[in-house]
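Letters A, B, ... are given to chains in the order of the sequence lines, protein chains preceding strands, and every chain is numbered from 1. Note that the structure is a prediction, hence the values are computed from the model and not measured.
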Amino acid sequence: MWLRFRRDRTGVASAIVVIFFILVAILAPVISWLYGKDPYTLYGQDTPGLLNDFGYPIAPNGGISSQFWFGIEPNLGRDVFTQLVYGIRTSLLIALVTTILTTLIGIVIGIVAGYAGGKTDYFIGRVIDTVLSFPSVLFIIAFMPVVENLFVSADEETPVWLRAVTLVLVLTLFGWAGLARLLRGQVLTLREREFIEAARVTGASPARIVFKELLPNLWTPILIQATLLLPALVTAEAALSFLGVGMIEPIPDWGRMFRRGTEVYTNDITYLIFPGVALVIFVIAFNLLGDSVRDAFDPKLKR
Amino acid sequence: MFRFITRRTLGAVVTLLIIAACTFFLFFAVPADPARLACGKVCPPELLEQARHNLGLDQPLFVQFLTWVGGIFLGRDYEGLGYCSAPCLGFSFVNKAPVLDTILDRMPLTISLTLGAAVVFLFFGVATGIVAALKQGKALDKIASVSSLIGASLQIYFIGTLALYFLVYKNHILRQPGYVPFTENPLNWAAGLMLPWVVLAIIFTANYTRMTRSTMVEQLTEDYVRTARAKGMANRSVVMRFALRGTLITIVTILGVDLGTLIGGAIITEQTFGLQGIGQLSIRAVWSSDLPMLMATVLVAAGAIVVFNIIVDVLYAVIDPRVRLS
């Protein structure tokens, strides 16, 4: 399996890009220390000569210079490069935690529905149908204030960690159904196979059948789905922040950069281009990695 | 066929009721007081009490929900605010008007946006897919798969804004997106929505090309296609009449999903291009705690998803006679 993956040149290349992004996220403080700036200081406002009277960078291309590699943010005058580097952390962390939660819930519910069958299966099936017919983007937007209000009263300031937890919760709430439906189908076909039958005849307990017989056969679809889910969640988080219900100031976040970028695009398009290109590369690399993982696990599926 | 449609419709109504109930009970946990919104900034306690009574907010939550559902079928009188006639989805405290009126007012934009884009990406996607399948040349094949990957990875708020910058702001090639009713001036209608259509098409076309191509390649090896060929049917008719028909099933499936998400998720598109459709309406409703409006938009979006699911199932039966028999 590993050998097959190593021979896939696209897969290796995309894996390198993905690892690069993860390393940048982990090493963000080191990078920022080497680079000598942080994502919070308002350089443009502290140092005269960087922003003009309207708050836009004076230097061409959004203020790109040897000092500010990717330019500076309009108005607030923060450094774009460190914002981008720290922004990966936010997006990746939220997406990673959500992916793990979503996958766990999906596995449990999918296997229960497929293995138990009968009324349980019917009931879970209807729940999955309903969750999938929810207009999730709209619902999440509307739902964010409700969830937050469970923890903080309206007039208090929302702590940043709570906003992140809320994002994870709502994204998980709508994420598990797809995987659960897929795994349910897989379990339904596996259940009828001879080796499960054999295990049952020899008196294996349901727990043993699930963990020793079913799960090993499900790892492939689970891993593939998880690799494809992560980039989808990164973009979902960015979209929510773009709509103004995701991460809040001053935490660096790509979605928030998009939001600001679309406000000032007529005067400073560079501020939009950096997070945009970074996100596109990230998502493409992850999607390619997902395809390669699938091919490596299951060469028959190759399209 | 009739029984099938009835059963699916009943199922859809149940799903929508469940969604409505979930939305209702969740959102009314928001501490914002609709009565205070209805009453205005300076509001003496007795007037507030009056407003609360008029809106039915002094009733238990469950009764409120039943009244709301009843309003859909019977209409409802909001004392002191106005009458909301038969399909009443609620009364907006912010607009001081039945929400359905506002939604119907914004609906044409969202539908034009979605269906217009769908026509564009469906046409180009299926056409290039057929060509790719018939000329299984390596170059075209590669271009299709690479561009579908890139297309699927692009974000509308990124390339949409880039397009706005380069095509509208810098070079004035396309008009600033806006909405003119089709009945008023079809040309301006198309010109105003051209940019969103193109951007949505860039994101979606490639996926349809890829799906059409792979299904078409499979279809061309089917027995009935070979039989038709053997009987001496022209290549063109074989492709158009048999292979394409089989391909349509796949296309209809993903189109159903995409249309549902596009109408429900029009928020991002509308926010990017500054269009005032259902999506903008819903996000405004969130910001101003306009719960009835929010309920209605969630329901409309969920309704779109459910309705497209049914249409897809019916279309299966129309396209593939085998589905009808089983």
Side-chain angles (χ1 to χ4, degrees), chain A residues 10 126-127 129-139 141-150 153-155 231-232 234-235 238-245 254-255 258-259 261-269 272-273 275-288 291 303, chain B residues 11-12 14-16 18-19 22-23 26-32 145 149-150 152-162 164-166 168-170 210 214 260-261 263-268 271-272 278-279 282-283 285-287 289 291 294-295 297-306 309:
Chain A
T10 342
R126 293 292 78 71
V127 173
D129 281 348
T130 314
V131 171
L132 288 179
S133 347
F134 263 97
S136 51
V137 183
L138 178 50
F139 205 80
I141 293 171
F143 201 46
M144 287 291 293
V146 180
V147 177
E148 268 187 16
N149 274 305
L150 293 177
S153 60
D155 40 333
V234 167
T235 52
L240 288 178
S241 301
F242 165 73
L243 290 171
V245 290
W254 288 4
F258 282 118
R259 184 174 177 76
T262 51
E263 282 164 8
V264 297
Y265 77 93
T266 44
N267 291 308
D268 186 5
I269 190 83
L272 180 74
I273 285 180
V277 171
L279 185 63
V280 170
I281 293 174
F282 179 81
V283 175
I284 289 181
F286 245 105
N287 283 340
L288 278 175
D291 285 353
R303 282 183 268 182
Chain B
V14 172
T15 312
L16 284 180
I18 293 172
I19 290 180
C22 290
T23 323
L26 284 175
F27 291 162
F28 277 74
V30 183
S145 70
L149 181 82
I150 295 177
S153 309
L154 290 174
Q155 299 304 310
I156 188 142
Y157 41 82
F158 175 48
I159 56 161
T161 315
L162 279 191
L164 271 177
Y165 182 73
F166 287 109
V168 178
Y169 180 74
K170 272 264 151 145
R210 209 185 52 178
S214 60
T261 34
I263 290 197
I267 308 169
I268 299 173
Q271 173 86 10
T272 306
I278 302 280
S282 58
I283 203 164
V286 174
W287 286 333
S289 318
L291 298 181
L294 194 61
M295 281 283 298
T297 45
V298 167
L299 214 58
V300 167
I305 296 176
V306 171
N309 279 342

> Looking at Ala239(A), Gly244(A), Ala232(A), Pro231(A), which one has more heavy-atom pairs under 4.5 Å with chain B than the rest?
Ala239(A)
> Are Phe158(B) and Val280(A) packed together at the side-chain level, in the sense that at least one heavy-atom pair is separated by less than 4.5 angstrom?
yes
> Let me confirm one number: the CG-CD distance from Leu243(A) to Gln271(B), rounded to the nearest 0.5 Å.
5.5 Å
> Which distance, rounded to the nearest 0.5 Å, do you find between the OG1 of Thr161(B) and the CZ of Phe258(A)?
9.0 Å
> By a 4.5 Å heavy-atom criterion (distance strictly below it), what part of Ala238(A) contacts chain B: side chain, backbone, both, or neither?
both
> Between chain B and each of Asp129(A), Thr262(A), Leu132(A), count heavy-atom pairs under 4.5 Å; write down the option with the most.
Thr262(A)
> Let me confirm one number: the CD1-OG1 distance from Ile156(B) to Thr235(A), rounded to the nearest 0.5 Å.
13.0 Å
> Checking heavy atoms, do the side chain of Val277(A), its backbone, both or neither come under 4.5 Å from chain B?
both
> Measure distances from Arg126(A) to the heavy atoms of chain B and classify the residue's part below 4.5 Å as side chain, backbone, both or neither.
neither
> Checking heavy atoms, do the side chain of Ile273(A), its backbone, both or neither come under 4.5 Å from chain B?
both
> Just how far is it from atom OG of Ser153(B) to atom CG of Asn287(A), taken to the nearest 0.5 Å?
4.5 Å
> Quick check: do Tyr157(B) and Leu272(A) have side-chain heavy atoms less than 4.5 Å from each other?
no
> Side chain, backbone, both or neither: which part of Ile19(B) has a heavy atom under 4.5 Å from chain A?
both
> Select one option (side chain, backbone, both, neither) describing which atoms of Ile150(B) are under 4.5 Å from chain A's heavy atoms.
both
> With respect to chain A, which residue among Val306(B), Val300(B), Leu164(B), Asn309(B) yields the maximal number of heavy-atom pairs within a distance under 4.5 Å?
Leu164(B)
